[in-house]
Amino acid sequence: MTLSSTASADASISERFAAVRASIETAAHAVGRDPASVTLVAVSKTQEPVAIDAALATGQRIFGENRVQEAQGRWTPRLGDLPGLQLRLIGPLQTNKAADAVALFDVIETLDRPKLARALAEAIQRTGRDPSVLIQVNTGAEPQKAGVLMADLSGLLTLARNVLGLRVEGLMAIPPVDEPAAPHFQRLRRLAADEGLSVLSMGMSSDYAAAIAEGATHVRVGSALFGERKAWQGPL
Ligand SMILES: *Cc1c(COP(=O)(O)O)cnc(C)c1O
């Protein structure tokens, strides 16, 4: 990559971050919310180091990743230099990677089954690290999608929080791509209120304004910040 193309990648990423932050503010104000009550999670999966550098240069410190190994490769070399960095796992987690996830991530957003809750609790006990946890809810009951079914949320929450002692702070969802998202956001908000949970991770590049209108505390935004993703090309 030439110096000039690096510089222009920087410029467009910083412009995109500024635009997304501004529209988060607009969306919050539109429903009478304090913009500071909405946290921008920059989804850095598949991004090259130059793009990460550009994001960090804007002051961004909260990032979402959907694969444990890829995130280790991207972030482990940077951990020592970045006080305040917060890494959030937003992709499905296999139980055999639970220990690696606990070692790297500050927040695990994708707890969705008892076996994973037990694996996380065991890794937390063993390592002394204590990431907080969100439960992913499959609000559209899509068979191919991760997430606990709405009917099973209470049971999983009781196990995770009361029996295993995980720090469950809220809920996360990815609405079906082929349906309006707002009803799913409303559903997630109601579930969280019923369970006394305060964190709502919902909304992506295409629908974060709608999610903010429905109470999102964390929006997970990738392509609107970094540009369109290239196809996954294996570990970075
Ligand atoms: C990739 C991803 C996002 C970001 O998607 P964009 O449409 O690029 O904003 C958000 N949430 C999850 C779970 C993802 O995997």
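This one's a predicted model, so the numbers in the text were calculated from it and none came from an experiment. Just follow the structure's listing: the first ligand is 1, and inside any ligand the first atom is 1.
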Of all the heavy-atom pairs spanning Leu164 and Ala121, show the shortest one and how long it is. CB-CB, 3.9 Å
Identify the closest protein heavy atom to [atom]: which residue and atom is it, and at what distance?
atom	value
atom 10 (C) of ligand 1	Met204 SD, 3.4 Å
atom 11 (N) of ligand 1	Arg220 NE, 2.9 Å
atom 13 (C) of ligand 1	Ile90 O, 3.4 Å
atom 14 (C) of ligand 1	Lys45 NZ, 3.0 Å
atom 6 (P) of ligand 1	Ser205 OG, 3.4 Å

Would Ser206 count as a polar contact of ligand 1, with the cut-off being nitrogen or oxygen pairs under 3.5 Å? no
Check: Gly222 N/O within less than 3.5 Å of ligand 1 N/O: yes
Identify the residue among Glu65, Glu70, Gln60, Arg74 that makes a side-chain hydrogen bond (donor to acceptor under 3.5 Å, both in side chains) with Ser44. Glu65
Looking at Ile174, which atoms of ligand 1 are within less than 4.0 Å of one of its heavy atoms? 13 (C)
Atoms of ligand 1, numbered as shown, that sit under 4.0 Å from any heavy atom of Val221: 9 (O)
May I ask you to check whether [X] and [Y] show a side-chain donor-acceptor distance below 3.5 Å?
X	Y	value
His184	Thr139	yes
Arg113	Thr95	no
Gln136	Thr110	no

Is the distance between the ring centroids of Tyr208 and Phe185 under 6.0 Å? no
Among Val107, Val102, Asp106, exactly one meets side chain to side chain contact (heavy atoms under 4.5 Å, CB included) together with Pro131. Which residue is that? Val102
